[in-house]
Amino acid sequence: MAQKIYVGMSGGVDSSVTAALLKQQGYDVTGVYMKNWSQDLPGMKCPWKDDYQDAKRVAVQLDIPFKMYDFEKEYRQKVVDYMVAEYQAGRTPNPDVMCNQEVKFKLFLDTALEDGADMIATGHYARTEGGQLLIAKNAEKDQTYFLYRVTSEALSKSLFPIGNFATKDEVRAIAKKLGLATAGKKDSQGICFVGKVGIKDFLLHELGPQPAGDIVDQKGKTIGRHDGAIFYTIGQRHGLEVGGGLPYYVVGKDMDKNEVYVTTDLQDERLWHRKLTLTDVHWIDGEPDFGKTLQVRTRYRAPLAAVEVVEKISDNRLNITLVDEIRALTPGQSAVFYDGETCLGGGIVI
RNA sequence: GGGCCCAUAGCUCAGUUGGUUAGAGCAGAGGCCUUUUAAGCCUCGUGUCGUGGGUUCGAGUCCCACUGGGCCCU
């Protein structure tokens, strides 16, 4: 009897092709639309209905059962509340990491299993093998950075067919060939409510206006005013509305003083880091061998950095030193470890 | 009181020996890229050239006065 696979279908091309491929391969496929957010926001209509329709249309084309899971409440708690709280604390969170950890590969997986599924599948650009997480064949589109907090158990029950394609064109070609309704659809952004609205407007909507404060340059001079320190992240250039010669980059902020620090000096030492401390460390397949030369990525699509020293502070906390300095290390973002093609896990930068 | 500088787009400034539609960077807007936030890349505008006179065929560019900044001197 064919294995029963529940495919998370977002209404995009990737997850549509995922379902199609698995069906072709003979699996017993069921499509599931996860409704995580449906609220309209000022200036933007939430596209969830369109996405749902697209996903359903494809399911009909593929002749597979289709259902919807409503995770709005949990998504709100686990992802949105976390995200807002982190911003308030002055950090820059990564909601999609949390979404994968808590919603897609926990809630969705558990719900699907309860409904009778043997495994789940998503349209992620990643591969998995024996409970391990591997980067996608298409390294440019690799999404393991968002998946490093998923457990080995969850991975062993997950399939990522898209991860085996070397290019996005191949994925689109399949969608086109099969005549899928989503073939020509533009790549979607991760979180619908920050997609078009922007994080600043979203936070304003959630938290209301923030207290203004000083913008201070590398000489200690106040060069302008910001409209809320929570809106700014390390390395950021635009949005400060401060002109005069060279671009200013955010190098830090003090939430108590409500000050944002900037520099025009690209070599400013506050913009470059070799040492970082991680918390909430999670290893997918157990603690790796730190004797090997590992690589770490501290921002999605940022270049990999070679790790020189790893010092364990406790089970879920460690210090690492890099071979070379990296730009704009940002508290709240994740540091994800790689050993060649294997994504090992990682932690949150503090 | 005297002397010397400066005042040009929101900001920092460039504007040749006076000559057609005054420019660069930064900021801002739009787009690309991107399942976080950013970086990055592409495109785009904007100005009573401090005010008032004068010289000249023609002045941001020369002269005078004034106003506002800065500096120096007894």
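Below, read A as the first sequence line, B as the second, and so on, with proteins coming before strands; counting in each chain starts at 1.
- Applying the 3.5 Å distance criterion, the base of B:U37 shares a donor-acceptor pair with the side chain of A:R299.
- Atoms NZ (A:K168) and P (B:C33) sit 11 Å apart, rounded to a whole Å.
- Residue whose closest nucleotide on RNA chain B sits further toward the 5' end, between A:K141 and A:Y249: A:K141.
- Nucleotides B:U46 and B:G1 are separated by 45 Å at their P atoms, to the nearest Å.
- Pairing for B:U21 is absent, with no Watson-Crick or G-U wobble pair whose two atom distances lie under 3.5 Å.
- With rounding to whole Å, A:N94 atom CG is found 12 Å from B:A38 atom P.
- If you check every strand for non-hydrogen atoms under 4.0 Å, A:I223 touches nothing.
- Summarising the geometry, the separation between CZ on A:F108 and P on B:U35 is reported as 20 Å, rounded to the nearest angstrom.
- For the C1' atoms, the distance from B:U21 to B:U37 is 43 Å, rounded to whole Å.
- Classification of the A:F160-A:F105 ring pair by plane angle, with boundaries at 30° and 60°, yields perpendicular.
- Glycosidic conformation of B:U35 is syn; the angle stays within 90° of 0.
- Figure legend. B:C26 is base-paired to B:G10; pairs are counted as Watson-Crick or G-U wobble with both atom distances under 3.5 Å.
- The separation between A:R297 atom CZ and B:U36 atom P is 14 Å, rounded to whole Å.
- Note: NE2 (A:H273) to C1' (B:A38) measures 14 Å, nearest angstrom.
- B:A22 and B:G69 have their C1' atoms separated by 24 Å, with the value rounded to a whole Å.
- Remark: aromatic rings of A:F71 and A:W48 are distant, center separation not under 6.0 Å.
- Across B:G3 and B:G45, the matching P atoms stand 47 Å from one another, rounded to whole Å.
- In this structure, of B:U36, B:C26, B:U37, it is B:C26 that holds the atom nearest to the side chain of A:P247.
- For the P atoms, the distance linking B:C13 with B:C71 amounts to 15 Å, nearest Å.
- Nearest-nucleotide mapping onto RNA chain B: of A:T298 and A:G235, the residue sitting toward the 5' end is A:T298.
- A:Y125 comes within contact range of no nucleotide atom at all, as no heavy-atom separation falls under 4.0 Å.
- Between the P atom of B:U12 and the OH atom of A:Y248 lies a distance of 10 Å, rounded to the nearest Å.
- Among the heavy atoms of the strands lying under 4.0 Å from A:H124 is at least one base atom, whether or not backbone atoms are also near.
- Using the Watson-Crick or G-U wobble rule with both distances under 3.5 Å, B:C41 pairs with B:G31.
- A close approach under 4.0 Å does occur between a side-chain nitrogen or oxygen of A:Q143 and OP1 or OP2 of B:U35.
- In this entry the distance linking CD of A:E325 with P of B:A39 reads 21 Å, nearest Å.
- A:Q236 contributes no side-chain N or O that forms a donor-acceptor pair with the base of B:U37 under 3.5 Å.
- The nearest whole Å value for the distance from the CD atom in A:E241 to the P atom in B:U12 is 16 Å.
- Between A:Y75 and A:W37, the ring planes are perpendicular. Angles over 60° get that label, and only those under 30° would be called parallel.
- Going from atom OH of A:Y232 over to atom NE2 of A:H226 covers 7.5 Å, rounded to the nearest 0.5 Å.
- In this structure, B:A27 is classed as anti because its glycosidic torsion departs from zero by more than 90°.
- The shortest distance between the side-chain N/O atoms of A:R301 and the OP1/OP2 oxygens of B:G40 is not below 4.0 Å.
- Each of B:G28, B:A39, B:U37 was ranked by its minimum atom distance to the side chain of A:Y87; first place goes to B:U37.
- Cation-pi geometry between A:K56 and A:F66 is not satisfied (NZ or CZ under 6.0 Å from the ring centre, within 45° of the ring normal).
- Other residues, nucleotides and ligands place more than 12 heavy atoms under 6.0 Å from the NZ atom of A:K23.
- Without hydrogens or angle criteria, A:D142 side chain to A:A136 main chain gives a donor-acceptor distance under 3.5 Å.
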